[in-house]
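Take a look at the structure set out below.
The model shown is predicted, which means the values in this text are computed figures rather than measured ones.
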Amino acid sequence: MAKQKSAFLDNLGKIYLMYTGVFILFVIGLGIAEKMGMSNKMIGYMFMFVTIGIYALIGVMSRTAKVSEYYVAGRSVPAFFNGMATGSDWMSAASFISMAGAIFGLGYDGLSYVMGWTGGYVLLAVFLGPYLRKFGQYTIPDFLGARYGGHAARTIGIIAAITASFTYLIAQVTGVGIIMSRFLSIDFTIGVFVGLGGILVCSMLGGMKAVTWTQVAQYIILILAYLTPVTVMSYRATGVPVSEIMYGQVLQKIDAKEKEIIADPKQKEVWDLWKKKSDNLTADIKGLPGSLDAKKKELQDKLATLPADAPAADREKIGKDIKALPQTAEEAKEKWTAAQKDAAGRSKPLKPYLEPFARMDAKNVLALIFCLMVGTAGLPHILMRYYTVPSVKDARISVGWSLFFIFLLYFTAPAYAAFARHEVLTTVVGAQFANLPSWVASWGKVGLFKVQDMNGDGIVQFAEMIINTDFIVLATPEIAGLPYVVSGLVAAGGLAAALSTADGLLLTISNSLSHDLYYKIINPQASILRRLTISRLLLVVVALIAAWVATYRLTIIVELVAWAFSIAAASFFPALVMGIWDKRANKTGALVGMWVGFLSCVIYMVGSRFYGLDIWGIKTISSGLFGIPAGFITIYIVSRLTAPPSKEMQDFVENVRIPKGAGTATVE
């Protein structure tokens, strides 16, 4: 067995190089089949099921009953491949599907996502990654329990890990549902549960071992899928197939087009109509409950006065309008308030794509960058990856490789957004409603893109497009008129990104429950078989719950992810950093600090998102701004006011900072 393992590790490069070549040939083969008449639906099915089949095969081949392999891949993953797996684990539905979409919508201000998510790896490399590896545990709650002593710190670690990871997991499952529903032409809810099977089969049997080798395979697919369409678009538009250095030309065209839009009197008509709608909704809200009763009576009277020979379609339409009305004044207030805010936002003139702080003010941009950076360095499913390498040195090297593999996508995202925005502005804005491209209807069915003729002139104005930016990356190949096989490739890449992160998150949650809660706290005498069985069962249960929550489509993916980062940042980062860099930090300080950070973040997040809470105008996606400093200050002060850790623990912490060697887990 040991010889087989060594042979596998020695031949990793050849294995994945061969895998890459075969996948490229598969894509070329589908491209030829498309030209010969293969249907788009069949291409979509081929991409979805072949790639999921590959991941399932790796998952089955990597099954294990060894604790160290299930939790930390036997601590034998080479730095290069751990960097690739980390990149895949990191390249979630938010990075692949939503980040370019966020830049598409926010323009210059959207770069805060790129800067925050990449900058976090610098914090990770400097403050945490190598030292956590030297500490030598299995999970982040393991570290907290070992560093601060007892089950109390482990418990808050479990709560925070599950909360952050579950929020993040919902975003991934939402991404899976979007991809499945669009490219397999199935309902979103069904798509969520179909994708769920792909998530489970990768992680359930082999744990971290299976997830690691699956994530390497997924990274290869997602990076090929991300780079291909934007490279082709760059070549078409500029003659140079390097989008990252050529999209400046496209930015100039976007700027010129936006000036035309702003000067167009037809656009002003639409903005005025949105303003009128906003004002009407404001009046309706103020007039509740009478305004709701009046609307119901108006529709009922209209239905009652229809002639007997009126078309059935007219009766059905009025009936649907009556059913669509809110049932209570409270429900009406909630729905109409959301609609009023949306209409008010659309009534404002277009802000230039290249203008700094046009859509987010400077303090919110900086707050978001800060929360994303610190959150990156506090995410449990990412930190766990540095337990899988053989040594502290490998942990440092793998952080560098992680940054390289992430850089390939993040450096391309602004170019992707620019090319996509240029295509939308030139092919949709100004087009006649009767002659819109077919992709508009296709993505309209999924609910991510809609056009409505507000002023009745039959021509699409910019403010008549209702765009959920989650569709941008997936739809860009169709928008640009590329062969459908490229769309299928991008869908496969998006699926790989969502599945890879979902695998890591599911493993984090199930390990927190089975290892940290059940084994470490409830039943320390549990056998290895029992522990692994419980972990696998919990994987299924958590996945089903996440899929069920995702069907409600609570918000766009990138906002869900930002919430997860704020929770991780406020809950973990202060306790982890102080645990490594402050010998005086003690159990009481860590406990109080983690609770203060966690609760202050969650309270502001919920309050600002749903109840109008506003402190300094900070948006809900940056809720961690309050919890992070509160955590550090609390840990420092409370630790100084209470008894210090033991001399042995302080010496151990001092030893952890020495950049050599590697610790070993206390359990096997």
Side-chain angles (χ1 to χ4, degrees), residues 100-111 229-230 233-240 243 245-278 342-360 413-441 443-444 448-469 471-473 475-482:
I103 299 172
F104 176 99
L106 296 173
Y108 178 94
D109 301 341
L111 294 175
V230 73
M233 291 164 66
S234 176
Y235 182 73
R236 284 186 176 182
T238 67
V240 179
S243 62
I245 64 174
M246 298 306 297
Y247 75 100
Q249 296 181 17
V250 177
L251 292 177
Q252 293 175 356
K253 295 177 182 178
I254 290 173
D255 191 51
K257 181 67 176 178
E258 287 180 338
K259 288 176 180 175
E260 290 179 18
I261 291 171
I262 293 170
D264 185 355
K266 289 288 186 179
Q267 296 288 344
K268 189 176 185 307
E269 278 183 24
V270 178
W271 287 321
D272 290 341
L273 288 169
W274 280 114
K275 177 67 166 60
K276 183 179 179 181
K277 183 175 181 179
S278 172
D342 181 65
R346 297 182 188 283
S347 69
K348 297 175 182 177
L350 176 65
K351 295 179 180 179
Y353 187 69
L354 301 179
E355 181 182 332
F357 312 125
R359 295 163 180 82
M360 293 172 63
Y416 214 125
F419 280 103
R421 190 174 181 90
H422 177 254
E423 290 287 344
V424 170
L425 291 180
T426 54
T427 62
V428 179
V429 177
Q432 294 185 347
F433 275 83
N435 298 323
L436 286 173
S438 59
W439 64 263
V440 174
W443 286 98
L448 298 182
F449 187 88
K450 182 180 178 183
V451 289
Q452 57 184 97
D453 196 356
M454 296 282 291
N455 60 355
D457 67 349
I459 297 174
V460 180
Q461 273 79 48
F462 182 83
E464 292 177 326
M465 296 187 300
I466 300 175
I467 302 173
N468 181 320
T469 55
F471 99 108
I472 291 299
V473 169
T476 292
E478 291 177 85
I479 295 172
L482 299 179

Looking at [atom1] of [X] and [atom2] of [Y], how far apart are the two atoms once the value is rounded to the nearest 0.5 Å?
X: Lys259; Y: Leu350; atom1: NZ; atom2: CG; answer: 12.0 Å
X: Glu464; Y: Asn455; atom1: CD; atom2: CG; answer: 5.0 Å
X: Asp457; Y: Glu269; atom1: CG; atom2: CD; answer: 7.0 Å
X: Gln452; Y: Met465; atom1: CD; atom2: CE; answer: 12.0 Å
X: Lys268; Y: Lys275; atom1: NZ; atom2: NZ; answer: 11.0 Å
X: Phe419; Y: Ile472; atom1: CZ; atom2: CD1; answer: 14.5 Å

Closest non-hydrogen atom pair, [X] against [Y]:
X: Asp109; Y: Glu355; result: OD1-O, 4.3 Å
X: Ala344; Y: Ser347; result: O-OG, 2.6 Å
X: Pro229; Y: Pro477; result: CB-CG, 4.1 Å
X: Ala100; Y: Ala413; result: CB-O, 3.8 Å
X: Met233; Y: Glu423; result: CE-CG, 4.0 Å
X: Asp453; Y: Gly458; result: OD2-N, 2.8 Å

Evaluate the side-chain proximity of [Y] to [X]: yes if any heavy-atom separation is below 4.5 Å, no if none is.
X: Pro352; Y: Tyr108; result: no
X: Tyr247; Y: Thr238; result: no
X: Val424; Y: Phe104; result: yes
X: Asp342; Y: Ile466; result: no
X: Val428; Y: Trp439; result: yes
X: Arg421; Y: Glu258; result: yes
X: Leu111; Y: Pro414; result: yes

Between Tyr353 and the options Asp255, Leu425, Ile103, the side-chain contact (heavy atoms from CB on, under 4.5 Å) test singles out Ile103

Would you say [X]'s side chain and [Y]'s backbone share a donor-acceptor pair under 3.5 angstrom?
X: Arg346; Y: Ala463; answer: no
X: Arg236; Y: Ala480; answer: yes
X: Arg359; Y: Gly110; answer: no
X: Glu478; Y: Ala475; answer: no
X: Lys277; Y: Ala343; answer: no

Does Phe433, at its CZ atom, have more than 12 non-hydrogen atoms belonging to other residues, nucleotides or ligands within less than 6.0 Å? yes

Salt bridge (Lys or Arg N to Asp or Glu O under 4.0 Å) for Asp272 and Lys276? Distances and angles first, verdict last. CA-CA 6 Å; Asp272 290 341; Lys276 183 179 179 181; over 6 Å; no

